[in-house]
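This report concerns only the one structure given below.
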Amino acid sequence: FAKHPEIGPKNGSLTPDELKELVAYAEQYHVDIIGNQQSFGHFEDILRHERYAHLRETPSLLCPTIEESYELLDDLYSEQIPLLKFPLFNVCCDETWGLGTGPSKSVAERIGVGEVYARHMQRVHGLLKNKYGKRMMMWGDIILQHPKHLKDIPKDTVMLTWGYDARESFESQIIPFARSGYEFFVCPGVSCWRWLLPDFGVAVKNIRNFVRDGARHGAAGVLNTTWDDDGENFFNYNWHGVLWGAECAWNASKTDVNDFNRAFGGVLIGEQGDHLGKASKAPAEAHRLPGYDGMHNGRFWGVNQKRLSSAPATARSEAKEAARIVQSGIEELHAAQADAKVNGDIIDYLVFGAERMKVIATRTLSLLDAMEEYERARKLATNADEAKKLLADAIAKVRGIRDAHARLKARYSELWFRENKPYALDVVRKRFDGIIALYDSLLEKLRGAADALSAGRKLPPPSGIWL
């Protein structure tokens, strides 16, 4: 970071002093910190700087055939690794999309993309082992796509085999490493990325089956993952998946999830009942609802106006069901919080995530009501007072939607500062500002329509008003 300040702490990294502080804190509780540095793919936040443009294989992929790429990696390692006592270091190197399409193309055409990848891993392995005395960990997805080159990866490498879907078996991602003599970890995930709340249904099956298959084939351990792909995820959303992963890792996935759910709230917040475990079922059910395709963050930031107009009855029915399911989860969360003996503030985060899910449904209902009221007002051109009342009701509903998003923005900021430093908060605040502005614009159009009605003019057609 001293040599490359533009890619340092302001982009979310720890400073060396902060890393020292973290390591010291962890050592008090006999916890080891394993270093982690993107060393091939997912390099976009560095490569976007013109200073490193010549090192781009693609906008997000470091070129492996330019010697300066290894000088940059050495610089990055040199400020992290000496602070980390643990003998393992994860160099990542997953999802190397586009390898062989940039400056390495001629080499890849001659020896193959798989060998280009394997040679890069050999260089990184040598740097870690010979200069820094660390044992390399790497994600296993790319080398599994080039199985004949698996033998080219040094045998003391720890393979991290990962997958996040709810499949029945993960043996296809495990057996190649087990048979080849590599020490490996299985790496499931809590399914928190891009979701308003984690998809607990997918996470439960993913973690259980991956850990089960790993234990069956001699995995050295479990690396359960949470990812913050769009910067919105709070860690406190993730405790169900994190503790479920710990439970499965401890006993090779022999615990029934229903037993886990009954104990979950007692372990995490000290509640006497099982409200927290019951609450986890609501998001899982909401993610499966017809018409919603999962309660993801993108759905919160946009409104499918075309669907509301083309199938209002279906949209209304689906929204009512979504609101009902999420509200049931919110009620269980409030009951859990009332019964909590410790960590009760964690529930604030889960309630917030559920409230965002609920707003998707309730704003749909309010928009449908407002659209119907506007259309009825248009048909009452000869009854101005009644039309004005209908239009005022429509405006009030839209204002309610707008204000609900503003309240969520304020609450998001409050919860953010309990967990995080401020550096990335503005990214999400701007998203809130965008959707608030969307409803401000709609309110302006409706008020303009009200002015037209007061002046004795006809209301504009709906196509000129709605989102």
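As the structure is a computational prediction, the values presented were derived from the model and not from experiment.
- Proximity of Y237 to C192: side-chain heavy atoms (C-beta onward) are nowhere separated by under 4.5 Å.
- Ring-centre distance between F184 and H217: not below the 6.0 Å cut-off.
- One N or O on the side chain of D339 and one on the backbone of Q272 form a donor-acceptor pair closer than 3.5 Å.
- The aromatic rings of W239 and F235 stand perpendicular to each other, their planes meeting at an angle above 60°, with 30° marking the opposite boundary.
- Among I207, L160, V222, D213, the one residue that satisfies the side chain to side chain contact (heavy atoms under 4.5 Å, CB included) test with V186 is V222.
- Put simply, the side chain of K134 gets close to the backbone of L84: a donor and an acceptor are under 3.5 Å apart.
- In terms of heavy atoms, M357 sits closest to P283 at CE-CA, 4.1 Å.
- Atom-to-atom distance recorded for I174:CD1 and L144:CG is 10.5 Å, nearest 0.5 angstrom.
- No close placement of the W162 and F210 rings is indicated, their centers lying 6.0 Å or farther apart.
- Counting only heavy atoms from C-beta outward, the side chains of Y439 and L367 approach each other to under 4.5 Å.
- Not a single side-chain hydrogen bond (donor to acceptor under 3.5 Å, both in side chains) links S317 to another residue, sequence neighbours left out.
- Aromatic ring centroids of Y77 and F89 lie under 6.0 Å apart.
- Among all heavy-atom pairs drawn from A370 and A394, the shortest one is O-CB, 3.7 Å.
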Between R418 and D348, does a salt bridge (Lys or Arg N to Asp or Glu O under 4.0 Å) hold up when you go through it step by step? CA-CA 11 Å; R418 293 191 200 174; D348 293 338; 2.8 Å; yes
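- Comment: E232 engages R431 in a salt bridge, judged by a side-chain N to carboxylate O separation of less than 4.0 angstrom.
- Under a cut-off of 6.0 angstrom, the local environment of CZ in R194 is sparse, with at most 12 non-hydrogen atoms contributed by other residues, nucleotides or ligands.
- With F352 as the aromatic partner, R411 does not meet the cation-pi criteria of under 6.0 angstrom to the ring centre and within 45 degrees of the ring axis.
- A salt bridge between D274 and R262 is absent, with no side-chain N of the basic residue lying under 4.0 Å from a carboxylate O of the acidic one.
- Aromatic pair F234/Y412: centroids less than 6.0 angstrom apart.
- Taking the side chain as every heavy atom from C-beta outward, L61 and W97 never approach each other to under 4.5 Å.
- Of all non-hydrogen atoms in W466 and V398, the two that sit nearest each other are CZ3-CG2, 4.3 Å.
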Would you check, one step at a time, whether the test side chain to side chain donor-acceptor pair (under 3.5 Å) holds for E419 with N236? CA-CA 8 Å; E419 279 196 1; N236 275 317; 3.1 Å; yes
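- Of the possible polar contacts, one joining the R288 side chain to the A284 backbone as a donor-acceptor pair under 3.5 Å is found.
- For F432 and W301, the gap between ring centers is short of 6.0 Å.
- Salt bridge status for K85 with E27: present, with a side-chain N to carboxylate O gap under 4.0 Å.
- Residue Q337 holds its CD atom at 11.5 Å from CG of N343, rounded to the nearest 0.5 Å.
- Sorted pairs that involve residues 304-327 and meet ring-ring contact (aromatic ring centres under 6.0 Å, His included), not counting sequence neighbours, are lacking altogether.
- At distances below 3.5 Å, not a single donor-acceptor pair connects side-chain atoms of E44 with backbone N or O atoms of P59.
- With salt bridges taken as basic N to acidic carboxylate O contacts below 4.0 Å, one links E372 and R316.
- Judged by distance alone, the side chain of D426 and the main-chain N or O of R429 form no donor-acceptor pair under 3.5 Å.
- Taking the six-membered ring for Trp, F300 and H405 have ring centres closer than 6.0 Å.
- In this structure, T255 contributes its side chain and N251 its backbone to no donor-acceptor pair below 3.5 Å.
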